[in-house]
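Quantities reported herein were computed from a predicted structural model and do not represent experimental measurements. Within every chain, numbering begins at 1; the chains are lettered A, B, ... in the order of the sequence lines, protein sequences first and strands thereafter.
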Amino acid sequence: MSSAENTVSHFLPAGDYSLDATLSSGQVFRWRRREEAWEGVVGNRWVRLAQTRGGLHAEAMDGDGEWQWLIGFLQVEVDLKAVQGQWPDDPPLRAAAARWPGLRLLNQRPWECLASFILSSNKQIVQIHQMVDELCRRYGVPVRAPAGAGPAHAFPAAASLAACSEADLRACGLGFRAPYLRETARRVAQAEIDLDGLRRLPVQEARRRLEGLPGVGRKIADCVLLFALDFSEVFPVDVWVEKALRRWYFAGRQPTRRCLMQFAERHFGPQGGYAQQYLFHAARLGSDRSGNDWPAGGTANNELATAVSRGFPTVQ
DNA sequence: GGTGGGCCTTGAGT
DNA sequence: AACTCAAGGCCCA
């Protein structure tokens with residue numbers, strides 16, 4: 001029992017969980033690192049997380065003693081080695097798994113995930129943080145948190161954002177995304193689309209319905225399918241992942257974007273989403289300011305990785 | 001029917 | 001102080 005500020009503590013065993021890699025890997029946009037811990041809000045609960053020996057230390061406000069809301073979000077019970085065992089055995093994935101042990105996919109609530117990624121278009125991660133924070137501060141329900149703690153608002157309900165004017169949303173810095181978010185919020189609030197119900201559909205149909213929402217194209221639909229709707233095979237291709245694929249799997253060739261998508265779908269398999277997260281992390285963090293590429297000493301690795309895609313047509 | 005380019009807002013980084 | 005660029009979507013040729 002923590003002595004501070006009426007919080008309760010819980011230990012989540014997980015030998016291979018990297019809080020730093022997971023919470024900073026661009027899946028979620030409102031976690032804040034404070035001292036040696038991470039603070040955020042899951043649903044309507046404030047929580048502080050810290051890496052400890054053999055697992056995670058969680059601290060929340062007094063509750064009913066149930067922690068499933070957090071266990072489910074963090075996916076601590078997923079067997080990471082088993083997931084990686086379903087990957088194809090290729091050098092970039094091997095190297096990424098070795099360099100970022102414990103990088104995990106989270107399981108987000110669909111509405112928050114969808115809304116956040118509508119805001120992500122053509123924005124850097126820090127800017128997405130700012131937009132989401134401002135939306136939560138203005139339109140999110142306050143949640144109980146220790147005095148002076150990090151974010152203390154739930155993510156705004158769809159109905160709350162649907163009730164905003166476009167100008168209200170632009171005031172949060174959304175720019176041209178404001179009307180997209182407003183209209184999508186309206187459709188969700190009025191049950192014109194059932195986000196949770198998409199889980200029961202074939203992936204192509206779920207994707208098609210998401211792409212029918214304004215501000216949602218293939219990339220953002222795929223993020224929601226993977227990060228919130230349990231479609232573990234979905235492989236979102238953004239600019240970073242596209243760079244990674246071209247560099248590490250198609251060195252010296254110029255595949256079309258469509259070709260890359262087909263290769264990814266075929267090559268990475270039923271746990272392709274997890275593979276994508278590692279490649280994304282590697283592409284984004286793996287090259288330093290001097291321009292050195294990753295994996296280090298990459299020539300041999302690149303040749304091996306390129307061999308993986310050898311014979312795969314780069315046109316059509 | 002698929003592809004490529006311009007445009008859309010904003011602010012952080014340089 | 002400009003200027004570029006950023007986990008894209010949309011519209012058009």
For this session: Round to the nearest Å and state the distance from A/Arg170 atom CZ to B/dC8 atom P.
Result: 12 Å
Seminar exercise, completed: Here the distance between atom P of B/dT10 and atom CD1 of A/Ile128, to the nearest Å, is 17 Å
Problem set entry | Donor-acceptor pair present, A/Asn122 side chain and B/dT9 base, under 3.5 Å | yes
Problem set entry | Name of the residue among A/Lys219, A/Arg247, A/Arg257 meeting salt bridge (Lys or Arg N to Asp or Glu O under 4.0 Å) with A/Glu242 | A/Arg257
For this session: Check the side chains of A/Gln204 and A/Arg208 for a donor-acceptor pair under 3.5 angstrom, ignoring hydrogens and angles.
Result: no
Exercise. So what does A/Phe280 hit on the nucleic acid, given a heavy-atom distance under 4.0 Å: a base, only sugar-phosphate, or nothing?
Worked result: base
Problem set entry | Any A/Gln130 side-chain nitrogen or oxygen under 4.0 Å from OP1 or OP2 of B/dA12 | yes
Exercise. Going by atom types only, do A/Trp38 and A/Asp20 share a side-chain donor-acceptor pair under 3.5 Å?
Worked result: yes
Exercise. For residues A/Ser9 and A/Glu59, is any side-chain donor paired with an opposing acceptor at under 3.5 Å?
Worked result: no
Problem set entry | Rounded distance (Å) that lies between atom C1' of B/dT14 and atom CD of A/Gln124 | 12 Å
Exercise. Between the side-chain atoms of A/Arg177 and the base atoms of B/dT9, is any donor-acceptor pair under 3.5 Å?
Worked result: yes
Exercise. For atom C1', what is the distance between B/dG11 and C/dC10, given to the nearest Å?
Worked result: 23 Å
For this session: Answer with base, sugar-phosphate or nothing: what part of the nucleic acid does A/Ile220 contact at a heavy-atom distance below 4.0 Å?
Result: sugar-phosphate
Seminar exercise, completed: Footprint ends on DNA chain C, 5' to 3', for atoms under 4.0 angstrom from a heavy atom of chain A, come out as C/dA6 to C/dC10
Exercise. What nucleic acid atoms does A/Pro214 come within less than 4.0 Å of, heavy atoms only: base, sugar-phosphate, or nothing?
Worked result: sugar-phosphate
Problem set entry | d(CD1, A/Ile118; P, B/dT9) in whole Å | 17 Å
For this session: Could you measure between the two P atoms, the one in B/dG6 and the one in C/dT4, and give it in whole Å?
Result: 14 Å
Exercise. Heavy atoms under 4.0 Å, any strand shown: does A/Gln27 hit a base, just sugar-phosphate, or nothing?
Worked result: base
For this session: Using the P atoms only, state how far B/dT9 lies from C/dC12, rounded to an integer number of Å.
Result: 15 Å
Exercise. Base, sugar-phosphate, or nothing for A/Glu242, non-hydrogen atoms under 4.0 angstrom?
Worked result: nothing
Problem set entry | Sugar-phosphate, base or nothing in reach of A/Ser116, heavy atoms under 4.0 Å | nothing
Problem set entry | Spacing of A/Leu260 atom CG relative to B/dT3 atom C1', expressed in whole Å | 15 Å
Problem set entry | Bracket string, DNA chain C, 5' to 3' - pairs by Watson-Crick or G-U geometry under 3.5 Å, | interstrand | .|||||.||||||
Exercise. So, for A/Tyr249 and A/His267, is the gap between ring centers shorter than 6.0 Å?
Worked result: yes
Seminar exercise, completed: On DNA chain C, more 5' by nearest nucleotide between A/Gln127 and A/Gly217 is A/Gln127
Problem set entry | Spacing of A/Lys123 atom NZ relative to B/dG11 atom P, expressed in whole Å | 7 Å
For this session: Applying side-chain hydrogen bond (donor to acceptor under 3.5 Å, both in side chains), run through A/Arg186 and A/Gln190 and close with a yes or a no.
Result: CA-CA 6 Å; A/Arg186 189 195 64 75; A/Gln190 299 188 357; 2.9 Å; yes
Problem set entry | CD (A/Glu265) with more than 12 external heavy atoms under 6.0 Å | no
Exercise. Can you find a side-chain donor-acceptor pair between A/Tyr17 and A/Gln75 that sits under 3.5 Å?
Worked result: no
For this session: Please work out which of the three classes, parallel, tilted or perpendicular, describes the rings of A/Trp31 and A/Phe73, given edges at 30° and 60°.
Result: parallel
For this session: Check every strand shown and say whether A/Glu211 touches a base, only sugar-phosphate, or nothing at a heavy-atom separation below 4.0 Å.
Result: nothing
Problem set entry | Salt-bridge contact A/Glu112-A/Arg109 (side-chain N to carboxylate O under 4.0 Å) | no
For this session: Measure the distance from CG on A/Leu174 to P on B/dC8 and round it to the nearest whole Å.
Result: 18 Å
For this session: Please work out if A/Val241 contacts a base, only the sugar-phosphate, or nothing of the nucleic acid, heavy-atom cut-off 4.0 Å.
Result: nothing
Exercise. With a 4.0 Å cut-off on heavy atoms, is A/Gly26 in touch with a base, just the backbone sugar-phosphate, or nothing at all?
Worked result: base
Problem set entry | Distance, C1' atom - from C/dA7 to B/dT3, rounded to whole angstrom | 23 Å
Exercise. Do A/Phe29 and A/Phe117 have their ring centres less than 6.0 Å from each other?
Worked result: yes
